[in-house]
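Here is the structure we will look at, set down as structure tokens.
The sequence lines fix the lettering, A, B, ..., with proteins before strands; numbering per chain opens at 1. Everything numeric in this text was worked out from a predicted model, so none of it was measured.
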Protein chains: 2
Amino acid sequence: MFNERGYDGTSMEDLARALGVTKSAIYHHVSGKTELLRQSLDLALDALFAVTREEGATSGPAADRLDHVLRGSVRVLVEELPHVTLLLRVRGNSEVEKHALERRREFDHHIAGLVREGIVDGDIRSDIDPAVASRLLFGMVNSIVEWYKPDRGLTAEEVADALSTITFRGMHS
Amino acid sequence: MFNERGYDGTSMEDLARALGVTKSAIYHHVSGKTELLRQSLDLALDALFAVTREEGATSGPAADRLDHVLRGSVRVLVEELPHVTLLLRVRGNSEVEKHALERRREFDHHIAGLVREGIVDGDIRSDIDPAVASRLLFGMVNSIVEWYKPDRGLTAEEVADALSTITFRGMHS
DNA sequence: GTCTATACATGGATAGAC
DNA sequence: GTCTATCCATGTATAGAC
């Protein structure tokens, strides 16, 4: 519901109605609306950071590690779609949101480092700015939450393949 | 302010305070909060559609027209940053938002057509789904609103060049 | 663990004076 | 064109019964 109507646009009353209980019942389980947000954001961030600790993301050439993290991010995005979607819409308007943005920046920094290493290795073209490239790359990855529907027969791997092909080899035939 | 704190997260009181007037003063000029939203969204959409009617977008090979629309979109995005940012955050939770989403879909459809034509022409690789490719492409373009700051010396053209290089020629050196 | 009832603040919006 | 004052709905959250 936070994703459909926005966090601010969703009231505890809306949530209660959807659950078939009253607002008070929800407050028995969580301290407030912000705790619901925190739990969701933490789940998404934990899953994304787990990718950066996987085998394929810690050994081998930087370009291959970058490809692994890109593909892994697409996988996590699809597996935890609602939580990652919520994470990507956070703007830092509360302490919980600021903390989530801080962790996201850490993730982005990791990616930019891989692009830079790939250029030094000679595997990635040197005529693009690593900072701009990594932002564009993850902009493309993250945009998937805007249109991906699990029930349309398109798998996470197919999307990851398309993305990897376009960004590493280019659309030109 | 709608972009900083979200449309729902911004009250007429917030706007009035920022303007140094009272809420009533604003209501003298506009019919309500939704009209402020509509005016901003219309400005962004009009600017984007104008790109698709430019010379470079209406004649020549489809791949070149696609490149023109991609670059033009980056230009519009930077020129009308607040309005396009707002447009890209709309989720369809009111009639005004639904109307804006409808026009965006029309734009996306236009892009997917160009990718499809480019494949037929043999200029764009045929091993990627045109629908997926066009979504990823514009996901990358649109993601620029998340980080672009006009005052950092990075021009719209430099960003457009980086984007065009990555998506058409690929990152691999 | 869920309910009813309610507190208290803030939301969008309007009336009418100046 | 802006103000003060106000309406009424809805927001988050709590108290206390069951």
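Residues B:F49 and B:L87 fall within the same hydrophobic cluster, defined by Ile, Leu, Val, Met, Phe, Trp and Tyr side chains chained together at heavy-atom separations under 4.5 Å. The hydrophobic clustering, which links ILVMFWY residues whose side-chain heavy atoms are closer than 4.5 Å, places A:Y148 and A:L86 together.
Ion pairing between B:D127 and B:R125 holds under the 4.0 Å rule for side-chain N and carboxylate O.
Screening B:R91, B:R135, B:R105 for a salt bridge (charged side-chain N to carboxylate O under 4.0 Å, His left out) involving A:E146 leaves a single residue, B:R91. Residue B:V132 forms a side chain to side chain contact (heavy atoms under 4.5 Å, CB included) with just one option from A:D161, A:L154, A:I166, A:L163, and that option is A:L154.
Ranked by how close their nearest DNA chain D nucleotide is to the 5' end, B:K23 and B:G20 are led by B:G20.
Taking the ring axis of B:Y27 as reference, the NZ or CZ atom of B:K33 does not stay both within 45° of it and closer than 6.0 Å to the ring centre.
The stretch residues 29-40 of chain B touches DNA chain C through B:G32, B:K33, each having a heavy atom under 4.0 angstrom from the strand. DNA chain D lies under 4.0 Å from at least one heavy atom of each of the following residues of residues 8-16 of chain A: A:T10, A:S11, A:M12.
Between A:P130 and A:A112, the closest heavy-atom pair is CB-O, 4.4 Å.
Checking A:H83 against A:S40 by side-chain atom types alone, a donor-acceptor pair falls below 3.5 Å.
Looking only at distances, no side-chain donor or acceptor of A:T58 sits under 3.5 Å from a matching main-chain atom of A:R53.
Taking 4.0 Å as the cutoff to heavy atoms of chain A, we find the contact window on DNA chain C bounded by C:dG1 to C:dA5.
The closest side-chain heavy-atom distance from B:W147 to A:L136 is below 4.5 Å.
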